[in-house]
Amino acid sequence: MDVSYILNDLNDAQRQAVCSTERNLLILAGAGSGKTRVLVHRIAWLIQAENVSPFGILSVTFTNKAASEMRGRIESLLNTPTKGMWVGTFHGLAHRLLRTHWREANLPQNFQVIDSEDQHRAIKRIVRELELDDTQWQPKQVQWFINARKDEGQRPDNIEHHNDPYLEQLIVIYKAYETMCQRSGLVDFAELLLRAHELWLKQPTVLAHYQQRFSNVLVDEFQDTNAIQYAWLRMLVGTSGRIFVVGDDDQSIYGWRGARIEHIQKIQNDFPETGVVKLEQNYRSTGVILEAANALISVNTGRLGKNLWTDGKKGDPISLFSAFNEIDEARFVVNQIMKHVQEGGTRAETAILYRSNAQSRVFEEALFQLNIPYRVYGGLRFFERAEIKDALSYLRLIANRADDAAFERIVNTPTRGIGARSMEEVRMHARQYQISLWEASKAIVSDNRMSGRATNAIATFLTLIEQLSQETKERTLADKVEQTLKLSTLLHYHKNDKSEKAQTRLENLEELITAASHFRYEEGDEEPMDELSAFLSHAALEAGENQGDQWEDCVQLMTLHSAKGLEFPLVFLCGVEEGLFPHQRSTSDETKLEEERRLCYVGMTRAMKQLYFSHAQSRRLHGTDTYPSKSRFIEELPTELIQEVRLKGKVTQPTQHQSKKRTYASTKTSSYNGLRLGQRVSHGKFGEGVVLQFEGESNQARIQVQFDQAGSKWLVMSYANLQGV
DNA sequence: GCGGAGACCCTTTTT
DNA sequence: GGGTCTCCGC
């Protein structure tokens, strides 16, 4: 068979990786060096040149997006569907294993996956049930603790507490949470991985089966693997399999959620006969951008060492903009984008990147003001919306009455007169007899142990669910959803609400019906599950797209974390200030600081042609004004590659804090008693400065000036006696 | 049981 | 600034 098409368009290093004969291989792939390409071509190579059956290949990624991209690219390269091959996320594959081996994994057949919000609610409930002070045992922190333990492969019983009472208490909560999940048939994200790992630990025959089947294991974004994922891979590969991993230690930005960069270093010890190939040629960015990124990342210690190069153009210098405040910053960025569009560029080619989500607001306002379409990544996705989760909880309860998390969520949504008191009674009963909330409610109703009204309300709820379950039994999935929405009165409930938001919620619910009608449950080689369970799992594991309009030509706004893996001709890295980036919480610890630096490196290497850094001299954060200095990361860049866009005293754009009317200073209003925003002025005592904003009228008028020496001051106009410079 | 008013807190995020 | 949570009055 002619396999040259697999190798034709690859460079030497890529080719070396793709057709390597080493048993195991570590590819150190720099940003933009074609790592997905190498993975895809490797799979094609295995199948076409080494005659490996697709059934023998398992390829794992971190996100659904990466998995589906991988699948698509393999299919188009091989020109055939990837049947039999396992391509998916760690969680998706673990889920698949558990669905098949639910008995061996000690799970009910209809177990359901809960997302982190469900998990948070559940933990909150448990902290309360244990009668603990939830300011001392904050559910968020408990959740973090439990997940971190699970990520390390630890169950409550094998955590060493050294008689530390704090730790002991956390372990008690962990245990109680575990008991609840087991009783309710619920599995959280970390649990999927842990269970899948334990399944193999405890069931050697199951493990042997998969070891035999998957002779070739491939891993993307290897630097992001946590302890349990790494252990899982080790077990699967065993003594006879092969592993092929692609990663970049310089792009490890998820240490805070358990990723261990050291895995890249450990792999050569833990997997025998592991070769290494470095991909350093970059096909994305200009020489200048790469040189700057290389300089920045070289400040970090303990790197495996890699230097990106390109044989492309050197390109424009990196621009640095020093804004007066965050509004001036947004204004500048938006102006540059407009310029880019006027020169024939598209909006979709531009990305505004920032460290934290809170920064997006100002940019959104500036874009909205000028009617420029934009898309903000992150935020709630379809299946995470409250109204959708309400609806899904009904479906979950239909599928599994023991699902306490779903029960809690909808027992009084829409309100049907089951309040805190009644629920307290139900919970107490459930705890006492170690039964589900559903069973407890049934017992309470039949015992008639509460007031008539409360008992009635609960009975109505129980009947509703039973009725729903009966009536929708034989229906299609979409009909099930529709009936559920109707009979639960969820639709009616949102219809009665005349607010604009309720309108959107209603549309979302209708969209849920559509989603159900499009959902096709594809039976794999695992044990079949019913369509409803499959749909619910799908909703939890792939929370759906962020809100739409993705095809419209719009400016892309996202955090640096979510930008990983993407590329844009024009990139703005905003808010590059001490305290914000690097973040305040990361500045005290060298390890964290290095991760921030890698984050900056990731951001810079997103840019193909032009890169802007911006920072503000004054920034309103959490409602108070701060005066951050520019980030150390800027200082770490070679000065000859940087060009300051606005030098001191050379004001290009007027600026003003936004008024309640949501308008920016237009040219008309920007003149105030002969002074303009952004104008240089001089004051008898404070010296020279720049006008930041105005407030009030006539003799009440006040003016804010950013003085070069004295900092920012509010002055009463009629006394200030400012002179234009 | 519900909705409004005030207190409180504040990275990054995928599954 | 803004989202979430709690408390209180109806």
Side-chain angles (χ1 to χ4, degrees), chain A residues 60-67 88-95 113-121 124 128 134-135 138-141 144 147 150-151 187-194 196 221 224-226 228-229 252-259 326 353-362 365 377-381 383-384 386 412-423 453-454 457 537-544 546 558-565 575 579-587 592 595-596 598-600 602-603 619-625 657-658 660:
Chain A
V60 59
T61 60
F62 279 82
T63 65
N64 290 305
K65 199 172 149 211
T89 62
F90 277 103
H91 294 86
L93 298 181
H95 178 248
V113 180
I114 54 169
D115 67 12
S116 24
E117 195 214 340
D118 295 332
Q119 186 189 32
H120 181 246
R121 285 165 172 255
K124 206 161 142 186
R128 277 192 193 160
D134 63 4
T135 53
Q138 287 177 14
K140 265 263 134 58
Q141 286 181 17
W144 187 85
N147 288 336
K150 288 188 179 186
D151 285 347
V187 173
D188 61 49
F189 291 134
E191 184 76 21
L192 281 170
L193 302 177
L194 183 50
E221 304 278 17
D224 289 338
T225 49
N226 64 29
I228 195 79
Q229 288 159 340
S252 163
I253 54 174
Y254 288 109
W256 51 275
R257 64 174 201 217
E326 73 277 12
L353 308 183
Y354 36 79
R355 177 67 234 267
S356 71
N357 281 311
Q359 287 168 257
S360 76
R361 208 193 85 248
V362 191
E365 281 169 356
Y377 285 70
L380 278 194
R381 288 168 304 170
F383 287 110
E384 290 168 352
N412 202 31
T413 313
T415 50
R416 49 175 72 84
I418 304 172
R421 286 291 284 280
S422 309
M423 271 313 289
R453 209 167 70 172
S537 302
H538 165 80
L541 285 168
E542 305 185 31
N546 291 308
M558 67 191 86
T559 62
L560 286 152
H561 281 90
S562 29
K564 192 165 95 162
L580 191 58
F581 189 33
H583 194 271
Q584 192 68 54
R585 296 202 182 180
S586 304
T587 44
K592 287 184 180 163
E595 184 155 311
E596 296 273 326
R598 291 195 290 271
L599 191 56
C600 188
V602 167
R619 178 177 299 274
R620 188 156 262 223
L621 264 181
H622 318 309
T624 43
D625 286 325
H657 263 98
Q658 219 161 344
K660 278 183 190 143

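Convention: sequence-line order gives letters A, B, ...; per-chain numbering from 1. Computation of the quantities below employed the complete heavy-atom set of this structure, encompassing side-chain atoms and omitting hydrogens, waters and symmetry-equivalent molecules.
- Judged by closest nucleotide on DNA chain B, S422(A) is the one of S422(A) and A358(A) placed further toward the 5' end.
- The distance from atom CZ of R598(A) to atom P of dT11(B) is 21 Å, rounded to the nearest whole Å.
- Between the side chain of E326(A) and the backbone N or O of Q359(A), no donor-acceptor pair lies under 3.5 Å.
- R355(A) comes within contact range of at least one nucleobase, with a heavy-atom separation under 4.0 Å.
- The residue S562(A) sits close only to the backbone: its heavy atoms come under 4.0 Å of sugar-phosphate atoms, none of a base.
- Checking dT15(B), dT13(B), dT11(B) against the side-chain heavy atoms of H583(A) singles out dT11(B) as nearest.
- Residue D188(A) is classed as having no contact, given no heavy-atom separation below 4.0 Å to the nucleic acid.
- Mapping H561(A) and T63(A) onto DNA chain B by nearest heavy atom places H561(A) closer to the 5' end of the strand.
- If you check every strand for non-hydrogen atoms under 4.0 Å, S586(A) touches a base.
- In this structure, R361(A) atom CZ and dT11(B) atom P are separated by 15 Å, rounded to whole Å.
- Here the side chain of R585(A) is nearest to one of dC2(B), dC10(B), dT13(B), namely dC10(B).
- Atom CH2 of W256(A) is separated from atom C1' of dT13(B) by 4 Å (rounded to the nearest Å).
- Counting to the nearest Å, the C1' atom of dT13(B) and the OH atom of Y254(A) are 6 Å from each other.
- Spacing between atom NE2 of H538(A) and atom C1' of dT15(B) amounts to 14 Å, rounded to whole angstrom units.
- With rounding to whole Å, D224(A) atom CG is found 18 Å from dT12(B) atom P.
- A salt bridge is absent between R381(A) and D115(A); no separation between the charged side-chain nitrogens and carboxylate oxygens falls under 4.0 Å.
- Using cut-offs of 30° and 60° on the angle between ring planes, the pair Y254(A) and H561(A) is tilted.
- The residue K592(A) sits apart from the nucleic acid: no heavy atom pair falls under 4.0 Å.
- Counting any heavy atom pair closer than 4.0 Å across all strands shown, R619(A) reaches no nucleic acid atom.
- Between E191(A) and K150(A), at least one side-chain N (NZ, or NE/NH1/NH2) sits under 4.0 Å from a carboxylate O, which counts as a salt bridge.
- A salt bridge links R598(A) with E595(A): at least one charged nitrogen is closer than 4.0 Å to a carboxylate oxygen.
- Atom CZ of R416(A) and atom C1' of dC2(B) are 16 Å apart (whole Å).
- Nearest nucleotide to the side chain of K124(A), out of dC5(C), dG1(C), dT13(B): dC5(C).
- A donor-acceptor contact under 3.5 Å is not formed by the side chain of S116(A) with the base of dT14(B).
- At the heavy-atom level, D115(A) lies nowhere under 4.0 Å from the strands shown.
- Among the heavy atoms of the strands lying under 4.0 Å from N64(A) are primed sugar atoms or P, OP1, OP2 only; no base atom is included.
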